Number of protein chains: 2
Amino acid sequence: MEPAPQPRSVQSRSVATQQDILEAATAEFAANGYAGARVDEIAARTRTTKRMIYYHYGSKEALYLAVLERAYAGVRMMESGVEVGSLTPAEGLRQLAEATYEHHTTHPDFMRLVSIENIHCAQHLKRSPTIVVENAKAITTLEAVLRRGVAAGVFRPDVDAIDVHMMISAFACFHVANRYTFEAIFGRDMLDPGLQHAHRRLIGDMVVATLLDLRGANLGHSPAW
Amino acid sequence: MEPAPQPRSVQSRSVATQQDILEAATAEFAANGYAGARVDEIAARTRTTKRMIYYHYGSKEALYLAVLERAYAGVRMMESGVEVGSLTPAEGLRQLAEATYEHHTTHPDFMRLVSIENIHCAQHLKRSPTIVVENAKAITTLEAVLRRGVAAGVFRPDVDAIDVHMMISAFACFHVANRYTFEAIFGRDMLDPGLQHAHRRLIGDMVVATLLDLRGANLGHSPAW
DNA sequence: GTCTATATATCGATAGAC
DNA sequence: GTCTATCGATATATAGAC
């Protein structure tokens, strides 16, 4: 049964409260992990109270899942924003890689949530069919670009779209996910704004160079394809 | 003042107990994160009791730091085991990349501890000068290989050793750190034994291809160097 | 929908006998 | 060094007035 309709002002107040809670929860979970996050602390970051968090979301775990779905929705939007059809395969691949790099490095909370989710073996993510189905679509775009590149004779044919997505994500994720241990050991902050342009170009170079058909060059071994 | 000497059997029993605790703690912290790990659960995984954990290590945090130092020591050993001097620059670079890939994918607990440490902004790692100093030495080896490659005219000169280490680590770490979310979304287990050889070759190809001086090839943009 | 107060459970850490 | 029992703090979740 549907809930009784409410005056618009009350409805939008409720929606605003839920948004407020989601943003505070995103910050708290990203900062402290699932077990480390405190519902009291989330409530303190909002304009409302702990009682309302349980009223709207029911439990700490359900709130965490809502946070996760919102974060993954941002990645979907970024990916669907890349226009790839009008570019050469190499240019299109570069655009996709650089856009992913740009998104992940400017949304550190998303990346930290992914790390946290992996600590828990993606048990919450698996329960959200929306996240899985929508985000898997990234592969379709990549496949079209790779197919064109292979047909044109410029790309090697033995690396598939999931592998390429893996390489791109690995580079982009590492910057955020391992920022602190990397800086502690090597003294370099990978998210330093002064490095941004060089690293954005580097991920583009890396992906395109790896896909290029380099049978003429010396790769330090005999090519497999 | 030194502790009074003890009969060897008691000493080695004590050492064995501490090792036992360290291994159980590694598994528990890697599986559940710092806040999620339970000292009671660690005790249950050992042949001894919770009281002995506090007797030997003093606190949950100090135990975690000991676990972290032990894990990083394993990486040091792997890196120092690669003989690079007798190989060509491309071959040496490939060996270093593949050895790192091999280590990280066969030591998932290490990688999960690194993820956990990053969630906490490397605050424990920073307090261990041993880890920082010893693990930073990986850069020296890489620098020598790169210098030889640039001098021979086969490597581009504008990518430094820390960047290369970053690319290698990113690929290797991603396999373990994002294994579960990646499988949940794309249906591919990156640590599937059937993919091991192909991925090991891919990280080698990726690093060497990126470093190669490809001014003649079309990378989808004009080269910066 | 919103507040204060509190139930219930759990966990890190310790006491004290042996 | 090793055991059982337990303290004290803190966290999730809820009760009940308004």
Side-chain angles (χ1 to χ4, degrees), chain A residues 2-22 24-29 31-67 116 119-120 123-124, chain B residues 2-29 31-68 116 119-120 123-124:
Chain A
E2 296 280 288
Q6 294 174 337
R8 175 175 299 269
S9 63
V10 174
Q11 248 186 39
S12 58
R13 254 182 76 91
S14 176
V15 171
T17 298
Q18 293 177 50
Q19 281 295 328
D20 187 22
I21 292 172
L22 264 190
T26 298
E28 172 70 7
F29 281 120
N32 300 102
Y34 179 76
R38 301 289 165 241
V39 179
D40 282 313
E41 184 58 30
I42 294 172
R45 292 193 199 209
T46 66
R47 273 173 260 104
T48 183
T49 61
K50 183 162 73 160
R51 184 67 188 85
M52 290 314 294
I53 293 177
Y54 283 96
Y55 177 83
H56 282 299
Y57 293 97
S59 71
K60 179 182 181 177
E61 197 180 355
L63 174 60
Y64 173 76
L65 189 57
V67 163
I116 291 160
I119 293 296
H120 300 100
Q123 59 178 118
H124 309 96
Chain B
E2 296 279 291
Q6 295 173 335
R8 175 172 301 266
S9 63
V10 173
Q11 249 186 38
S12 58
R13 254 181 76 90
S14 176
V15 170
T17 298
Q18 293 177 50
Q19 281 293 327
D20 187 21
I21 292 171
L22 263 190
E23 277 166 34
T26 298
E28 173 69 6
F29 281 120
N32 300 101
Y34 179 76
R38 301 290 163 242
V39 179
D40 281 312
E41 184 59 29
I42 294 172
R45 292 193 198 209
T46 66
R47 271 171 262 105
T48 183
T49 62
K50 186 162 72 159
R51 185 67 188 85
M52 290 314 295
I53 293 176
Y54 284 94
Y55 178 83
H56 283 299
Y57 292 98
S59 72
K60 181 181 182 178
E61 197 180 354
L63 174 60
Y64 173 76
L65 189 57
V67 163
L68 206 60
I116 291 160
I119 293 296
H120 299 100
Q123 59 178 118
H124 309 97

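Since we're looking at a predicted model, the values are computed, not measured. Order of the sequence lines fixes the chain letters, A, B, ..., with proteins taken first and strands second; residue numbering starts at 1 for each chain.
Within residues 33-40 of chain A, no residue is approached by DNA chain C to less than 4.0 Å at the level of any non-hydrogen atom. DNA chain D lies under 4.0 Å from at least one heavy atom of each of the following residues of residues 45-53 of chain A: K50(A), R51(A).
With rounding to whole Å, I21(B) atom CD1 is found 8 Å from dT2(D) atom P. For Y54(A) and dT8(C), the OH to C1' distance is 13 Å, given to the nearest whole Å. Atom CG in N32(B) sits about 14 Å away from atom C1' in dC11(C), given to the nearest Å. Look at CD on E28(A): it is 14 Å from C1' on dT12(D), rounded to the nearest Å. In this entry the distance linking CD of E61(A) with P of dA11(D) reads 19 Å, nearest Å. Rounding to whole angstrom units, OH of residue Y55(B) and P of dG16(C) are separated by 18 Å. Distance, Y57(A) OH to dA13(D) P: 15 Å, rounded to whole Å. In this structure, I42(B) atom CD1 and dT10(C) atom C1' are separated by 16 Å, rounded to whole Å.
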Output side-chain donor-acceptor pairs under 3.5 Å for residues 21-28 of chain B, partner residues at least two apart or in another chain, one line each.
{"from": "T26(B)", "atom 1": "OG1", "to": "L22(B)", "atom 2": "O", "distance (Å)": "2.8"}
{"from": "E28(B)", "atom 1": "OE1", "to": "R45(B)", "atom 2": "NH2", "distance (Å)": "3.1"}
{"from": "E28(B)", "atom 1": "OE2", "to": "R38(B)", "atom 2": "N", "distance (Å)": "2.9"}

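To the nearest 0.5 angstrom, I119(A) atom CD1 is 12.5 Å from F29(B) atom CZ. Atom OG1 of T49(B) and atom OH of Y55(B) lie 12.0 Å apart (nearest 0.5 Å). Atoms CD1 and CD, on I53(B) and Q18(B) in that order, are 11.5 Å from each other to the nearest 0.5 Å.
Taking 4.5 Å as the limit, some side-chain heavy atom of Y64(B) sits within range of a side-chain heavy atom of I116(B). Counting heavy atoms from C-beta on, the side chains of L63(A) and V39(A) never come closer than 4.5 Å.
Looking at residues two or more places apart in sequence or on another chain, you find a salt bridge (charged side-chain N to carboxylate O under 4.0 Å, His left out) between R47(B) and D20(B). K60(A) meets the salt bridge (charged side-chain N to carboxylate O under 4.0 Å, His left out) test with no other residue; sequence neighbours excluded. With sequence neighbours excluded, the residues that form a side-chain contact (heavy atoms from CB on, under 4.5 Å) with E61(A) are Y34(A), S59(A), H124(A), R127(A).
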